[in-house]
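Chain letters run A, B, ... following the sequence lines, proteins first and then strands; every chain starts at 1.
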There are 2 protein chains.
Amino acid sequence: MLSKASQYAIKSLLFISANQQVGVRFSVKDVAIAIDSPPAFTSKILQQLVAAKIITSVKGSGGGFEISTSKIVSTKVISIIKAIEGDHFSSGCFLGLPDCSEKNPCPVHKLYAPLREKLNQGLYNVTLDDLINNKGKQPFNLKG
Amino acid sequence: MLSKASQYAIKSLLFISANQQVGVRFSVKDVAIAIDSPPAFTSKILQQLVAAKIITSVKGSGGGFEISTSKIVSTKVISIIKAIEGDHFSSGCFLGLPDCSEKNPCPVHKLYAPLREKLNQGLYNVTLDDLINNKGKQPFNLKG
DNA sequence: AGTTAATTGGACAAAATTGTCCGATTTGAT
DNA sequence: ATCAAATCGGACAATTTTGTCCAATTAACT
């Protein structure tokens, strides 16, 4: 499964994106309360998202984090995960074999590979905007 | 993803099952070499599999681990994972939300839930025998 | 200028996972 | 009887992940 760090990253971005308005910024505290996460740890993750240029930050009083509309539209879920975990996500074999492939499959390859592939495609094709606007369907939750 | 411990467990069982013959036993060392894993850690995992009654062990000189034909046929991959990790596997939400469901979905639920469901079904329906006999298709590897 | 509210960066701490070591026990063989 | 080969159990160590704390910096406001 996804690391806690990536989960917090996605949730943070969903919260910030879903509530973004011009001139509005969110503090670490705002985010941590909204997504029910440990503030200091969340702070580190927001810093990583700034470093990855997904969000911007403003220091000082009245400062906080914000995201541009264009980033909401363009940021893919896979990019968020890779910003946190590096490039070594999800391409992995279920059994952890380093060169498992169609030609050289591990025993569960046939079962797992197609699902992994679908998930990768999903994470690649879905953006923050897709998630928060949810195609007009159900509302979603970010807490328990 | 799967824990290392579960990966070693599955690989160990695949090795033992694929090479099982009457009167043949495998030592920790045999298994660790075959699946390229740390011997002492592998030993602990084999102990867990004995406790879960998937394999049996014989102490002393000439001893080792073996698996019965009936266990090869009846042991589902999901049971192996649960023997190692406990019951809290795979039912989880992608974002880690404790009560994510159809009625109360997290933002990625629609994307992830069907895939998770398919994986669960796969792990539930596939046995050691299925994997090692591979429906006559390609051979498989357990090392790198 | 001073105060306050905020991010940033660094070091540190806790917890979980992964991995090691060794003595005790058991069994087979000489 | 002794020795060698094996599992078992417990304590321990290393690594990774998760989480905390605090001083430094920045910016707005009075």
Enquirer: In whole Å, I'd like the distance from the CD1 atom of A:Ile45 to the P atom of D:dT17.
Expert: 13 Å

Enquirer: Under a 3.5 Å distance rule, please check whether A:Asn104 uses its side chain to pair with a backbone N or O of A:Cys100 as donor and acceptor.
Expert: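 Flag not set: sc A:Asn104 to bb A:Cys100 has no pair under 3.5 Å.
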
Enquirer: Excluding sequence neighbours, so at least two apart, what forms ring pair (Phe, Tyr, Trp, His ring centres under 6.0 Å) with A:Phe65?
Expert: none

Enquirer: For residues 37-50 of chain B, run the donor-acceptor check on the side chains, cut-off 3.5 Å, and write out each pair with its distance to 0.1 Å, sequence neighbours left out.
Expert:
unit_1	atom_1	unit_2	atom_2	d
B:Ser37	OG	B:Thr42	OG1	2.6
B:Thr42	OG1	B:Pro38	O	2.7

Enquirer: Tell me: CD1 of B:Ile84 to P of C:dA16, nearest whole Å?
Expert: 18 Å

Enquirer: Grab the CD-P distance between B:Gln48 and D:dT7 for me, whole Å please.
Expert: 16 Å

Enquirer: Can you confirm whether more than 12 heavy atoms, excluding those of A:Lys118, are under 6.0 Å from its NZ atom?
Expert: no

Enquirer: Take atom NZ of A:Lys29 and atom P of C:dT7, then tell me their distance rounded to the nearest Å.
Expert: 11 Å

Enquirer: Which atom pairs, one a donor and one an acceptor, fall under 3.5 Å between side chains of residues 23-31 of chain B and the rest of the protein, sequence neighbours left out?
Expert:
unit_1	atom_1	unit_2	atom_2	d
B:Arg25	NE	B:Glu66	OE2	3.1
B:Arg25	NH1	B:Gly62	O	3.4
B:Ser27	OG	B:Lys29	N	3.4
B:Ser27	OG	B:Asp30	N	3.1
B:Ser27	OG	B:Asp30	OD2	3.3
B:Asp30	OD2	B:Ser27	N	2.9

Enquirer: So, for A:Leu97 and B:Lys11, which heavy atoms are closest and what is the spacing to 0.1 Å?
Expert: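 Taking every non-hydrogen atom into account, CD2-NZ, 3.3 Å.
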
Enquirer: Just the table, please: protein N/O against nucleotides 18-21 of chain C N/O, every pair under 3.5 Å.
Expert:
unit_1	atom_1	unit_2	atom_2	d
C:dT18	OP1	B:Lys4	N	3.0
C:dG19	OP2	B:Tyr8	OH	3.2

Enquirer: Does the side chain of A:Leu13 reach to within under 4.5 Å of the side chain of A:Ile72, using non-hydrogen atoms?
Expert: no

Enquirer: Would you indicate, yes or no, if D:dT7 has its OP1 or OP2 atom less than 4.0 angstrom from a side-chain nitrogen or oxygen of B:Gln47?
Expert: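 Answer no for this pair, as no side-chain N or O of B:Gln47 is under 4.0 Å from OP1 or OP2.
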
Enquirer: Considering only heavy atoms, which members of residues 54-69 of chain B lie under 4.0 Å from some atom of DNA chain C?
Expert: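 DNA chain C contact set from residues 54-69 of chain B: B:Lys59, B:Gly60, B:Ser61.
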
Enquirer: Using whole Å, what does the distance between atom P of nucleotide C:dT26 and atom CZ of B:Arg25 come to?
Expert: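 Answer to the nearest Å: 17 Å.
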
Enquirer: Rounded to the Å, how far apart are A:Asp36 CG and D:dT18 C1'?
Expert: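 After rounding, the reported distance stands at 15 Å.
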
Enquirer: Under the side chain to side chain contact (heavy atoms under 4.5 Å, CB included) rule, collect the residues that match up with A:Ser3, sequence neighbours excluded.
Expert: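 So A:Ser3 forms a side chain to side chain contact (heavy atoms under 4.5 Å, CB included) with A:Ala5, A:Ser6, A:Glu85.
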
